[in-house]
Amino acid sequence: MKKFKIAIVGATGLVGRTVLKVLEEKKLPFESYGLFASKKSAGTVFSILGKDYVVEELTENSFDRGFDFAIFSAGGETAKKYAPIAAKKGCIVVDNSSHFRMDKDVPLVVPEVNMEDAYKHKGIIANPNCSTIQAMLPLKALEDKYHIKRIIYSTYQAVSGAGKDALSDLANTDNSKPLKKFPYPIYNNCLPHIDIFMENGYSKEELKMINETRKILHRPDLKVTATTVRIPVSNSHSESINVEFEKDFVIEDLKNTLKNFPNLILVDDLSCNLYPMPINSNGHDEVFVGRVRRDESVNSRSQFMGCC
Ligand code: A2P
């Protein structure tokens with residue numbers, strides 16, 4: 001079997017380190033790894049499957065070594081400059097930043113949902129926003145069966161999604177240090193402010209959820225709204241999703257539809273207080289869904305709510 005060479009850009013960041021951990025766990029057929037970050041991290045050593053790799057400063061020449069794949073998680077500006085360089089040198093880039101997500105030449109992919117789009121790439125494949133990704137699994141399952149009319153997202157997002165400086169702000173429980181990431185303390189607080197605010201009053205994070213949902217589900221006309229909030233939990237995003245469908249449903253059938261979707265786990269037994277929580281989903285690849293119920297505030301028989 002051919003063995004591949006992979007570059008990880010942003011290897012020292014929270015996502016980069018998790019990517020390394022997952023690649024190690026999955027034992028994918030990589031012959032070698034190239035680890036890249038900013039100049040300040042050059043020289044850091046990481047061990048992967050028993051072999052030491054030295055982190056290098058990312059430069060325009062970093063992709064001259066014939067990498068087959070590159071996973072970028074180093075922010076939009078880094079992706080904007082270096083992902084096209086890597087792609088030009090024959091590398092398939094998977095970028096975690098928002099920079100290319102809405103580019104019509106860049107597929108935006110959640111493997112369980114629209115894997116077929118990935119094969120249309122021109123060198124760069126985008127990875128959706130973290131709150132969008134997990135919502136796509138239940139929504140795709142339900143879209144195929146009931147056809148979605150409207151989605152209302154409310155999120156409860158973990159601090160790790162904002163990077164390592166954000167986790168340092170969460171650990172600053174006595175306010176003794178200056179904040180590194182957030183405009184206000186996140187410890188003991190909730191911040192209805194993720195990314196920048198736009199002229200229409202939405203945050204950019206909310207617009208990402210709206211636009212990315214439409215692109216991934218191939219529903220440019222879909223009615224979607226979102227309110228995104230950062231909460232003082234280290235890992236694992238939570239969200240409430242209220243959905244209106246074209247078709248009527250029976251709640252048990254709807255639950256079975258969710259249960260049968262790949263990598264989606266229904267945790268929904270109120271008789272023994274079973275529902276999804278970050279302490280249980282942290283570290284898992286699957287999406288956990290629960291509190292599934294009919295929305296009784298509308299006359300329609302086609303609106304449901306759930307959490308994941
Ligand atoms: P570094 O650790 O050297 O700053 P996080 O999202 O957890 O803050 O991590 C961001 C990742 O992106 C880190 O690995 C960081 O490297 C990397 N990074 C940030 N800016 C650049 C840049 N200009 N060139 C290369 N890597 C960068």
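In this chain, numbering begins with 1 at the start of the sequence shown. Heavy atoms only: backbone and side chains are in, while hydrogens, waters and symmetry mates are out. All ligand and atom numbering here is 1-based and tracks the order in the structure.
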For [atom], the protein heavy atom that lies nearest, with its residue and separation:
| atom | value |
| --- | --- |
| atom 21 (C) of ligand 1 | Thr78 OG1, 3.7 Å |
| atom 4 (O) of ligand 1 | Lys40 NZ, 2.8 Å |
| atom 15 (C) of ligand 1 | Thr12 OG1, 3.9 Å |
| atom 19 (C) of ligand 1 | Ala74 O, 4.1 Å |
| atom 27 (C) of ligand 1 | Ser38 N, 3.8 Å |

Contacting atoms of ligand 1, where contact means under 4.0 angstrom from a heavy atom of Ser41: 1 (P), 2 (O), 3 (O)

Near Gly10, which atoms of ligand 1 are under 4.0 Å from a heavy atom of that residue?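 Taking each heavy atom of Gly10 in turn, ligand 1 has 11 (C), 12 (O), 14 (O), 17 (C) under 4.0 Å.
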
Is Lys181 atom NZ crowded by more than 12 heavy atoms from other residues, nucleotides or ligands, each under 6.0 Å away? no

Is there a donor-acceptor contact under 3.5 Å linking the side chains of Asp174 and Ser176? yes

Check whether any side-chain heavy atom of Pro128 sits under 4.5 Å from a side-chain heavy atom of Met136, and report yes or no. no

Say whether [X], considering both its backbone and side-chain N or O atoms, lies within less than 3.5 Å of an N or O atom on ligand 1.
| X | result |
| --- | --- |
| Gly163 | no |
| Asp165 | no |
| Leu14 | yes |
| Gly13 | yes |

Taking only residues at least two apart or on different chains, which pairs with a member in residues 191-224 satisfy ring-ring contact (aromatic ring centres under 6.0 Å, His included)?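 ring-ring contact (aromatic ring centres under 6.0 Å, His included) check on residues 191-224 returns His193-Phe197.
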
Test your reading of the model: is there a side-chain donor-acceptor pair from Asn172 to the backbone of Lys177, 3.5 Å cut-off? yes

Do NZ/NE/NH1/NH2 and the carboxylate oxygens of Arg219 and Asp221 come within less than 4.0 Å? yes

Any chance you could lay out the side chain to side chain contact (heavy atoms under 4.5 Å, CB included) test for Thr78 and Phe36, step after step, and finish with the verdict? CA-CA 11 Å; Thr78 306; Phe36 300 98; over 6 Å; no

N/O donor to acceptor pairs below 3.5 angstrom from side-chain atoms of residues 2-16, sequence neighbours left out:
unit_1: Lys2; atom_1: NZ; unit_2: Asp68; atom_2: OD1; d: 3.3
unit_1: Lys5; atom_1: NZ; unit_2: Arg65; atom_2: O; d: 3.4

Mind checking whether Ser73 has a heavy atom under 4.0 Å from ligand 1? yes

